[in-house]
2 protein chains.
Amino acid sequence: MAVADEGGAEALTMSAVARRLGPYTPMSLYRHVLSKDGLVDLMLDAATAEIALPPVPGPDWRADLRAVVMETWEMAKRHLWYAQLAPTRPPLGPHTMRRTEFQLRVLAGQGATLGQAVAYAAVLDRHALGSAQQVAEEHAMRRRLGLDTPQRLTEAVTAAQGLAEQAGCELLARWMSAPSGPDMDEQFEISLTFLLDGIEARLNP
Amino acid sequence: MAVADEGGAEALTMSAVARRLGPYTPMSLYRHVLSKDGLVDLMLDAATAEIALPPVPGPDWRADLRAVVMETWEMAKRHLWYAQLAPTRPPLGPHTMRRTEFQLRVLAGQGATLGQAVAYAAVLDRHALGSAQQVAEEHAMRRRLGLDTPQRLTEAVTAAQGLAEQAGCELLARWMSAPSGPDMDEQFEISLTFLLDGIEARLNP
DNA sequence: CAGCTAAAGTATATGGCGTATACGCAAGCG
DNA sequence: CGCTTGCGTATACGCCATATACTTTAGCTG
């Protein structure tokens with residue numbers, strides 16, 4: 001997890017992990033893990049374990065769901081690899097399942113059918129993971145394209161702005177020259193509210 | 001694109017593409033494309049070009065936004081690799097930018113600031129791409145795990161259900177034994193409505 | 001038509017990846 | 001003492017993107 005925290009999902013190689021653990025060869029890992037996918041499964045579940053859950057749904061279902069999603073979001077910002085790797089593996093780790101179960105209990109407690117509860121939980125998770133993934137990919141792209149220095153980044157933005165103007169995208173070019181608006185965290189909370197509002201309206205028609 | 005349509009993003013190798021084009025070697029592609037990333041950029045923009053846009057925002061902003069998002073969703077279901085590859089590249093293809101510009105124009109026409117418009121467009125895109133990615137990963141996982149026959153799939157589901165019971169996840173286990181609720185398309189439309197409702201409320205406070 | 005050029009394709013090689021297979025080595029236990 | 005069991009290693013394979021250097025082909029020009 002430390003390797004992936006620092007270098008992103010694409011730095012997570014068996015070699016890098018073995019090296020991090022000491023003077024080991026990549027193959028030594030296979031004594032403890034079936035495959036790289038197995039390692040990833042363990043990582044994903046360990047990260048999910050960092051999401052604090054109330055022991056039991058409380059009186060305020062909105063607060064419960066909001067808390068789970070916000071905790072997930074915070075965790076995914078700590079571990080940017082999470083959003084990149086999670087969709088590549090089945091969500092069957094014990095902590096991962098416990099988290100889903102909690103969401104289902106909260107929703108079922110409000111009169112949702114099991115099918116609705118699964119659907120709403122899926123929508124909320126997509127929101128959390130989708131947003132985190134966007135943050136992660138932005139970081140990864142910066143690393144890939146070598147935009148580590150502010151100067152290189154400015155160059156890239158200027159180039160992009162030129163492309164936008166050339167394509168006749170006036171508003172886009174304007175925004176690129178002077179980005180504004182809510183940051184990612186604010187966007188996240190706003191649209192989480194949208195989703196919870198929508199769920200609430202459907203729960204109490 | 002045909003290669004990726006059939007085999008998913010992980011089947012998209014330079015060899016596979018060259019072979020598909022005729023009796024060519026992988027290296028021949030590099031006469032036409034700078035790198036594999038360059039090829040992916042072209043693919044992403046070509047796929048984005050399939051999204052039909054009104055020439056100009058119409059009187060009904062909700063219908064406009066909804067149409068763009070639904071068209072994106074339909075396209076991403078046709079090209080399951082799109083949602084996997086799009087987040088790995090900057091969204092700077094001409095068609096991609098034109099599409100964003102259209103969203104911004106629609107929102108700016110309703111009095112949104114440029115910053116708000118960018119944020120709302122981002123939220124809608126995350127929803128479309130996040131949902132498509134989930135579908136894509138489900139397919140990819142089935143391919144990877146060799147769950148092509150119904151029997152293998154049933155086995156896997158039964159195993160997962162056992163895990164859920166073992167972890168004390170009653171609701172989850174129950175749902176796995178008898179999945180129900182809105183399918184992906186219905187989920188998509190429902191939560192798209194949630195998001196549009198939220199945006200509307202913010203536009204007309 | 002001869003000859004040059006530029007485009008298109010190929011051959012070969014490098015370095016990185018996950019991992020199958022076979023081996024070495026130490027600790028513990030009968 | 002010898003055997004298993006657990007852990008680490010060495011080597012090799014196949015697949016990937018791609019750098020580099022070569023050959024072939026088509027077309028234009030003098």
Side-chain angles (χ1 to χ4, degrees), chain A residues 1-47 80-82 84-90 92-93 136-137 139-148, chain B residues 1-46 80-82 84-90 93 136-137 139-148:
Chain A
M1 288 172 72
V3 168
D5 280 345
E6 288 161 25
E10 61 270 333
L12 184 74
T13 68
M14 298 305 262
S15 279
V17 173
R19 208 172 320 122
R20 172 68 62 118
L21 290 170
Y24 296 115
T25 62
M27 287 310 291
S28 67
L29 297 181
Y30 287 89
R31 288 288 163 197
H32 308 272
V33 151
L34 241 157
S35 64
K36 186 180 177 183
D37 279 349
L39 174 62
V40 169
D41 284 339
L42 293 175
M43 290 172 62
L44 289 171
D45 202 58
L80 285 177
W81 45 270
Y82 187 88
Q84 301 179 274
L85 298 180
T88 72
R89 306 287 317 150
L92 297 179
E137 287 296 353
H139 271 248
M141 234 160 54
R142 247 168 246 196
R143 256 196 303 261
R144 260 199 304 279
L145 306 180
L147 306 182
D148 17 29
Chain B
M1 287 171 73
V3 168
D5 281 345
E6 288 162 23
E10 63 270 333
L12 185 73
T13 68
M14 297 305 260
S15 278
V17 173
R19 207 173 319 120
R20 172 68 63 114
L21 291 170
Y24 296 115
T25 63
M27 287 311 290
S28 67
L29 297 182
Y30 288 89
R31 288 289 162 194
H32 309 273
V33 153
L34 240 157
S35 65
K36 187 180 177 183
D37 278 348
L39 175 62
V40 169
D41 283 338
L42 292 175
M43 290 172 63
L44 289 171
D45 202 59
L80 284 178
W81 45 270
Y82 188 88
Q84 302 179 272
L85 298 180
T88 72
R89 306 289 315 153
E137 288 296 351
H139 270 247
M141 233 161 54
R142 247 169 247 195
R143 255 196 304 260
R144 262 199 302 279
L145 306 180
L147 305 182
D148 17 28

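Each chain gets a letter, A, B and so on, in the order its sequence line appears, and its residues count up from 1. These values consider heavy atoms only, across backbone and side chains, with no hydrogens, waters or symmetry-generated copies.
- Every side-chain contact (heavy atoms from CB on, under 4.5 Å) that Thr25(B) has, sequence neighbours left out, goes to Met27(B), Ser28(B).
- With sequence neighbours excluded, the residues satisfying side-chain contact (heavy atoms from CB on, under 4.5 Å) with His139(B) are Leu80(B), Val135(B).
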Donor-acceptor pairs under 3.5 angstrom involving side-chain atoms of residues 7-17 of chain B: please list them, not counting sequence neighbours.
{"unit_1": "Thr13(B)", "atom_1": "OG1", "unit_2": "Ala16(B)", "atom_2": "N", "d": "3.0"}

Query raised in the report: If the sugar-phosphate is the primed atoms plus P, OP1 and OP2 and the base is the rest, what is the B/S/- string for nucleotides 6-12 of chain C, using protein heavy atoms under 4.0 Å?
Result: --BBBBB
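- Listed by chain and residue number, Arg89(B) satisfy the side-chain contact (heavy atoms from CB on, under 4.5 Å) test with Asp41(B) (two or more places apart in sequence, or in another chain).
- For residues 22-36 of chain A, no pair satisfies salt bridge (Lys or Arg N to Asp or Glu O under 4.0 Å), with sequence neighbours left out.
- Here Arg20(B) pairs with Glu6(B) under the side-chain hydrogen bond (donor to acceptor under 3.5 Å, both in side chains) rule; sequence neighbours left out.
- Proximity of Arg19(B) to Val3(B): side-chain heavy atoms (C-beta onward) are nowhere separated by under 4.5 Å.
- For Arg142(A), there are no side-chain hydrogen bond (donor to acceptor under 3.5 Å, both in side chains) partners two or more places apart in sequence or in a different chain.
- Of the inter-residue distances, the one linking Leu85(A) atom CG with Leu39(A) atom CG reads 9.5 Å to the nearest 0.5 angstrom.
- Taking the screw axis at each terminus of the helix from dC1(C)-dG30(D) to dG30(C)-dC1(D) from five consecutive base pairs, the angle between the two is 30° to within rounding of 10 degrees.
- Nearest heavy-atom pair across Met141(B) and Pro90(A) is SD-N, 3.5 Å.
- Here chain A contacts DNA chain D (any atom closer than 4.0 Å to a heavy atom, that is under 4.0 Å), and the contacts span dC7(D) to dT11(D) from 5' to 3'.
- Contacts with DNA chain D (heavy atom under 4.0 Å) in residues 4-20 of chain B: Leu12(B), Thr13(B), Met14(B), listed by number.
- In this view, Ala47(A) and Met1(A), Met75(A), His79(A), Trp81(A), Tyr82(A) satisfy the side-chain contact (heavy atoms from CB on, under 4.5 Å) rule, not counting sequence neighbours.
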